[in-house]
Amino acid sequence: MRRSRIVGTGSCLPGQEVDNAAIARRLGIAPDAVFRRTGIRTRRWAGEGETASTLAEGAARQALQAAGLEPAQLDAILVSTTSPDTVLPSTACHLQRRLGAPSLMALDVAASCSGFLYGLSMADCLIRSGQARRCLVVAAEVKSRFLDLDDPITAVLFADGAGAVVVSEAEEDAALSARIIGVRLYADGSRHSLISMGAGGSRTPATAQTVRERQHVIRLNGGPLFRIAVRRLAGAVQDLMKEHGVHTRELKRVVFHQANGRLLEAIRQRLHIPPDKVCSVIERYGNASSASLPIALDHAVRDKSVAKGDLLLLGAFGGGLTWATALVRW
């Protein structure tokens with residue numbers, strides 16, 4: 001039976017660093033209050049000329065270099081983003097052009113903060129079915145351009161960046177060989193209003209009025225979202241571990257979507273995961289939506305805190321609502 005494995009990781013962060021003081025001044029709150037509420041001290045925001053596809057290219061080239069591959073050796077490009085360069089064409093096609101890899105399959109995945117794991121699942125399925133041997137999965141977000149900087153709920157949270165992995169066909173050998181063990185995906189559209197953007201689609205096209213009314217920015221209902229995220233993601237993790245007969249003590253590293261520090265801690269405590277097993281970069285980089293998980297994963301790999309044979313748990317929760325989990329043997 002065909003299996004897939006992650007053979008390379010990469011990440012790319014914009015050069016502009018924005019600290020809490022810069023945001024807090026406008027909102028009329030103390031910088032320390034931002035940290036207490038979010039666990040974030042600084043975040044990266046895209047500057048002039050930086051877009052989802054330029055950040056995606058930086059992360060993709062790092063991941064390809066780590067995998068020892070050229071873009072032409074890929075069979076598919078999957079890009080998770082809800083802040084694309086353009087509505088049409090897809091950011092995946094922009095990335096394909098930038099990489100110089102014509103003809104191969106390229107498409108966007110729009111599953112909000114869970115999008116990277118949705119893309120990872122698609123790559124795994126393409127390889128298992130024999131339709132591809134090597135896939136590039138990238139999550140790239142430029143959320144700073146969709147923020148109301150006077151909104152204290154969202155202005156302090158969201159950031160920009162990209163993370164990538166190369167997924168390749170795995171060798172069929174021992175049970176402990178490197179592979180994607182399982183990915184599980186979920187959604188609940190009845191909760192769509194908890195994270196949303198009011199205008200810009202076919203239901204409410206952009207007009208001068210929608211711009212004046214700030215309907216093209218992210219709105220978030222924090223309290224209910226926090227409670228649902230903890231319950232749903234923790235439950236999905238428990239289901240995945242039970243399905244594969246895995247205990248918390250067997251996990252080497254846990255990488256969740258970097259939503260905010262309080263949420264990460266609440267999920268960790270609910271699952272009884274030791275603090276030293278959880279990879280976190282939220283203090284430095286903020287919430288980069290779907291890109292936050294692969295950015296954290298790449299940092300863990302490059303910091304040598306992930307080694308061959310390690311068992312990793314991945315998890316994400318975001319707008320839609322969507323959530324997802326994965327078990328990966330490194």
Side-chain angles (χ1 to χ4, degrees), residues 1-6 80 109 111-129 137 165 167 170 172-191 224-259 262-280 290 292-294 296-297 300-301 305-330:
M1 182 177 67
R2 290 187 177 90
R3 292 184 180 274
S4 69
R5 59 174 295 200
I6 296 174
S80 165
V109 179
S112 191
C113 302
S114 306
F116 172 73
L117 291 182
Y118 269 63
L120 187 68
S121 178
M122 293 176 67
D124 181 49
C125 290
L126 285 168
I127 290 169
R128 285 175 179 265
S129 69
V137 182
V165 298
V167 183
E172 298 181 26
D173 53 12
L176 291 180
S177 63
R179 69 194 189 282
I180 295 173
I181 297 170
V183 186
R184 296 294 175 264
L185 311 175
Y186 307 86
D188 181 2
S190 69
R191 306 280 188 164
L225 181 64
F226 184 99
R227 292 188 291 273
I228 292 172
V230 172
R231 187 172 66 252
R232 294 283 178 87
L233 185 52
V237 166
Q238 290 167 338
D239 289 345
L240 182 68
M241 293 175 68
K242 182 178 179 180
E243 177 186 347
H244 292 281
V246 172
H247 191 275
T248 304
R249 62 176 173 268
E250 299 175 66
L251 300 173
K252 182 65 174 181
R253 288 287 178 265
V254 176
V255 190
F256 288 133
H257 161 52
Q258 310 285 288
R262 290 174 55 244
L263 181 61
L264 287 171
E265 180 61 14
I267 295 171
R268 183 196 69 76
Q269 290 185 8
R270 194 178 184 108
L271 293 169
H272 305 291
I273 297 170
D276 61 345
K277 290 190 175 186
V278 179
C279 299
S280 178
S290 70
S292 74
L293 194 162
L297 176 62
V301 171
S305 58
V306 172
K308 183 177 180 180
D310 287 350
L311 184 62
L312 275 61
L313 168 67
L314 313 179
F317 189 97
L321 295 175
T322 61
W323 61 105
T325 58
L327 277 173
V328 175
R329 178 71 66 182
W330 205 254

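On a predicted model such as this, the values are computed, not experimentally measured, just so you know.
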Kindly write out the residues that satisfy side-chain contact (heavy atoms from CB on, under 4.5 Å) with Arg184, not counting sequence neighbours, or none if the list is empty. Tyr186, Leu240, Glu243, His244, Thr325
Once rounded to the nearest 0.5 Å, what's the spacing between atom CG of Leu120 and atom CG of Leu293? 9.5 Å
Are the side chain of Lys252 and the backbone N or O of Trp330 linked by a donor-acceptor pair below 3.5 Å? no
Sidechain N-carboxylate O distance under 4.0 Å for Arg262, Glu265: no
Taking salt bridge (charged side-chain N to carboxylate O under 4.0 Å, His left out) as the test, write out the residues that go with Arg231, two or more places apart. none
Under the rule for ring pair (Phe, Tyr, Trp, His ring centres under 6.0 Å), what residues qualify as partners of Phe226, not counting sequence neighbours? none
Any donor and acceptor pair, going by atom type alone, linking the side chain of Ser112 with main-chain N or O of Gly319 inside 3.5 Å? yes
Among all residues two or more places apart in sequence or in another chain, which pass the salt bridge (charged side-chain N to carboxylate O under 4.0 Å, His left out) test with Arg5? none
Heavy atoms, side chains only, cut-off 4.5 Å: are Ser114 and His257 in contact? no
Using modelled atom types and a 3.5 Å cut-off, is there a donor and acceptor pairing between side-chain atoms of Arg249 and backbone atoms of His247? no
Under the ring pair (Phe, Tyr, Trp, His ring centres under 6.0 Å) test, which residues partner Tyr118, sequence neighbours left out? none
Write down the atom of Asp124, the atom of Ser4, and the distance for their closest heavy-atom approach. OD1-OG, 2.6 Å
Sidechain-backbone polar pair: Thr322 side chain, Ala111 backbone, donor-acceptor under 3.5 Å: yes
Can you list the steps and then say if Phe317 with Ile267 is a side chain to side chain contact (heavy atoms under 4.5 Å, CB included)? CA-CA 11 Å; Phe317 189 97; Ile267 295 171; over 6 Å; no
Cys279 backbone acceptor or donor facing Arg253 side chain under 3.5 Å: no
Considering all heavy atoms of both residues, which atom of Gly115 and which atom of Val109 are nearest to each other, and what is their separation? O-CG1, 4.1 Å
Please step through side chain to side chain contact (heavy atoms under 4.5 Å, CB included) for the pair Leu251 and Met241, ending with a clear verdict. CA-CA 10 Å; Leu251 300 173; Met241 293 175 68; 4.0 Å; yes
With sequence neighbours left out, what residues match Asp188 under side-chain contact (heavy atoms from CB on, under 4.5 Å)? Ser190, Arg191, Arg232, Trp323
